Structure formats: structure tokens, C-alpha cells
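Below is one structure, written out as C-alpha cells; comments come after it.
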Amino acid sequence: MPLYIGLMSGTSLDGIDAALVEIDDGPAGGHPRLLASHAEPMPAALRSRLWELCHAERVGFAELAAAEEAFCRLQAEAVTALLAASGTAREAVVAIGSHGQTIEHAPYGHPDGSHANGPAYTLQLDNPSRLAELTGIAVVADFRRRDLAAGGQAAPLAPAFHEALFRDRHEWRLVLNLGGFANLTLLPPGEDDRAPLGFDSGPANALLDAWHARHRGGAFDADGAWAASGRVDETLLARLLEEPFFHLPPPRSTGRELFHLDWLEKRLGGEERPEDVQATLAELTAASVALAVEMARERFDAPPATRLIPCGGGAHNRDLLGRLARRLPEATLGDSAEWGWPADWLEAGAFAWLAWRRLAGLPGNLPSVTGAAGPRVLGGVYAA
């Protein structure tokens, strides 16, 4: 069966995830199977440069080009390592699905959230032509802008993949991606002919990682141990939850343009202990997910989902999972590995699957999720 590679670099900027995926060409949309995976660490200098670009008010084209070249070479290294580790010949791979590195995502226009400040846009640092040259494999890329052009949010795109993997004939399911930001997918049972609903709930690891790095160093709070050592500041939590984004109806998406340390610091009283702020940020993730779940259930007039399937880096955070379990007591926590997909590889797998959809001429978006005017074939094709 055809082989595809998916590449994903998320808001954590910690590396490039590469997934080797086998997809059948059946009429039901292709059942994806994960064959192999590889995580290519992000060099510190490149991570620092990408971080600066994500927060720069002005940047020159030469700077963007240099960062893009370094990022593209790292992608090629990830592909080479994946092929070597899996014993796969590059000629056996039909295409690479490349998400690129998001630098700015502004579905409402300017990052301040105002439609009055210009057209909606989303920018991913990527060079699929260069990647095709470096790897000798065709590349499918630029998945988001077609949905945006059709009036959608261009995010999240993974819910269509979640549907292909996890939709069940009998039970309602929730898939929760806990990356830098959290997005959920509510999947009706197969006997219900309604399309899935999905949207961003708010920050997941982005604020937790940034606050931890400032006060403790290191890339993240392993297992949520530091958050677990603090106490939730209920007054601060209520202040954070006043953010209008948490109460917007779907479709909606967000990113670092809204939720960053400056956003947090403007809401601090100044006397909080750092570990209590970390605990409150973890509770903010759980509380905002619970708000989003309730919003999705009301939209569908749905019963409580019987199974919650966490994925992404936050799926390894025991403290965060405990908070989610307390906020969503009716849902049983599942493990995506039961379906052959460990939590870390779903997003990379999604872009392998989306590359297959593009080459098959099939839509890759879900208008019920993004708000686009209709189904659209996503991405451009760059031959090897």
C-alpha cells in the first residue's frame, strides 16, 4: 500500500516530528496506519531564531529566507533519519506532507483580534520546493491558506484525521490535542450523520512552558510536577477566564499572537508565588477545555462524551490529565495507542494523511470545524 511521510513542527519549537504512514486507497477515505516515527530535535540556535521571528514586529526577507533554509534542511534530516530507521527506500514514498513552522496565525486579521486591521492571514515558514530537492520526494504543503481563502479559520485541520481514526459506531468521543495550544474534536457516533465539531479551546502547554522556562529553566514542566506543587489562585483563574476568546462560539482558533507571557503578566497582581501561577495555568487549560466541551455539547445537543482521547505532548502530563479528569468526570480517559497511534504522532500523521487526500483530489478540511464555505482540496504539490 502507498507510503507517505508527515512532518510537523508545533508551537513548542522543540523539534520536527516525522511519521511514516501507510494509507490504503479504499473509497472510505483511506485507513492510515503508523509504521515508524522519528523526532528530530531543534538546534538551540534555530529554535531561538524561530522564537524571535514569531514575536518580531518587523523582519527582513533575508532573515526569513535564512531561517527557512535552516528549517528546511532540518526537515530533510528528519526524513532521512526516518527512512534509515525504518529501512524504507525513498522511492517507496509517494509524498511528504509538510506543515511548516507557523510564524503567525491571524484568522481575524491583525493579531490584536480586530477585523478592521486587514485581511485574515496565516504564515507558515516552509519551502516545499527546496525540501523536494533535498529529499528527492514529492512534497505537499501550504495546507491552511485554501481553507482561509474559503472563509475558514484554517485551523484546526486535524479533526478530519481524528474522524478517520477514532469515530465509533455507538459512542460519542472527544479527541483532545494538548500541544502548545489545545483543540478538541467532538465525534458523534457513526449512526449520527452530523459532521464532527472541532475548535481551539485555548492555551495548553504554551503558557506553562514559558512560565516554567522563566522561573525554573528547561523546556517544560515534566509530568506537571512543579504545577502540582503549587495551589490554584482562584481569583487569578477567574481573571484569566474573563478573556473573551474563551467565550467565543466556534469556529475559532488561536495562538501565541493572543496568549503569551505579556498577556499573563498584565493579569497578575504581583504577589503570586511562581508555583501557584503554574498551578493556575494548568487549571486554566483544564477549565478552558471544559468550557469548550460544554459549548460543543450544547451546539450538538449531545450527551456527555463517554471517551476522552488526549494526544500531543500534554498527554504525558499526569498533573494536567488529573485536572481534566476532575473537570470532565463523565468521560473515561482513553489512550490513542489503543488505535495504533501513540499520542506524540497524531499531528505528523495527520499531514501525511492530508497529503494523500490532496493527491487523491479529496477535500482535507471540515467546514463544520473551520467555518469554510465548503469542502476544499488543501495544499499545493511540488514534484520531486
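Keep in mind the model is a prediction, meaning the values are calculated, not measured.
Atom CG of residue L134 and atom CG of residue N127 lie 8.5 Å apart, to the nearest 0.5 angstrom. Atom OH of residue Y108 and atom CG of residue L248 lie 5.5 Å apart, to the nearest 0.5 angstrom. Separation of atoms CD1 (I103) and CD (E257) is listed at 10.0 Å; rounding is to 0.5 Å. One distance of note links CG of L157 with OG1 of T370; it measures 7.5 Å at 0.5 Å rounding. Annotation: the span from W353 atom CH2 to I23 atom CD1 amounts to 8.5 Å, rounded to 0.5 Å. Residue I5 holds its CD1 atom at 7.0 Å from OG of S86, rounded to the nearest 0.5 Å.
For D147 and R376, the salt-bridge test fails: no basic side-chain N is under 4.0 Å from an acidic carboxylate O. No salt bridge links R130 with E68; every basic N to acidic carboxylate O contact stays at or beyond 4.0 Å. A salt bridge is absent between D262 and K266: the closest approach of a Lys/Arg side-chain nitrogen to an acidic carboxylate oxygen does not fall below 4.0 angstrom. Taking a cutoff of 4.0 Å between a charged side-chain nitrogen and a carboxylate oxygen, R297 and E294 qualify as a salt bridge. Under a 4.0 Å N-O distance rule, the pair E69/R73 qualifies as a salt bridge. Between R49 and E52 there is a salt bridge, with a side-chain nitrogen of the basic residue lying less than 4.0 Å from a carboxylate oxygen of the acidic one.
Looking at T280, its side chain does come within 3.5 Å of a backbone N or O of D276 through a donor-acceptor pair. Formation of a donor-acceptor pair under 3.5 Å by the D168 side chain with backbone atoms of H170 is found in this model. Between the side chain of E272 and the main chain of G270, a donor-acceptor pair closer than 3.5 Å is present. Not one N or O on the side chain of R167 forms a donor-acceptor pair closer than 3.5 Å with the backbone of H162. A donor-acceptor pair under 3.5 Å is formed between the side chain of N205 and the backbone N or O of G179.
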For S229 and E275, run side chain to side chain donor-acceptor pair (under 3.5 Å): C-alpha distance rounded to whole Å, both residues' side-chain angles, the deciding distance at 0.1 Å, then the answer.
CA-CA 7 Å; S229 74; E275 61 269 32; 5.7 Å; no
Run the side chain to side chain contact (heavy atoms under 4.5 Å, CB included) test on L264 and L240 for me, step by step, so that the C-alpha distance in whole Å, both residues' side-chain angles and the decisive distance to 0.1 Å come before the verdict.
CA-CA 8 Å; L264 171 62; L240 298 178; 4.1 Å; yes
Steps toward side chain to side chain contact (heavy atoms under 4.5 Å, CB included) verdict (Q101, L74):
CA-CA 12 Å; Q101 177 63 58; L74 192 67; over 6 Å; no
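With contacts defined as side-chain heavy-atom distances shorter than 4.5 Å, the pair I137/L83 qualifies. L165 places none of its side-chain heavy atoms less than 4.5 Å from the side chain of V175. Inter-residue side-chain proximity for R323 and V232 is flagged as met; some heavy-atom pair is nearer than 4.5 Å. Two residues are said to be in side-chain contact when any heavy atoms from C-beta on lie closer than 4.5 Å; F71 and S9 meet this criterion. Proximity of H99 to L354: side-chain heavy atoms (C-beta onward) are nowhere separated by under 4.5 Å.
The aromatic rings of H212 and W226 sit perpendicular to each other, their planes meeting at more than 60°, with 30° as the lower class boundary. Between W339 and F166, the ring-plane angle classifies as perpendicular under the 30° and 60° cut-offs.
Partners of W51 under the side chain to side chain contact (heavy atoms under 4.5 Å, CB included) rule, at least two apart in sequence or in another chain, are L13, H55, R256.
The ring of W341 has its center closer than 6.0 angstrom to the ring center of F161.
Taking the ring axis of F143 as reference, the NZ or CZ atom of R358 does not stay both within 45° of it and closer than 6.0 Å to the ring centre.
L176 shares a hydrophobic cluster with W172, L174, L178, L184, L186, L197, F199, V289, V293, M295, F300, L308, L320, L321, L324, L328, L333; the chain of contacts runs through ILVMFWY side chains whose heavy atoms sit under 4.5 Å apart.
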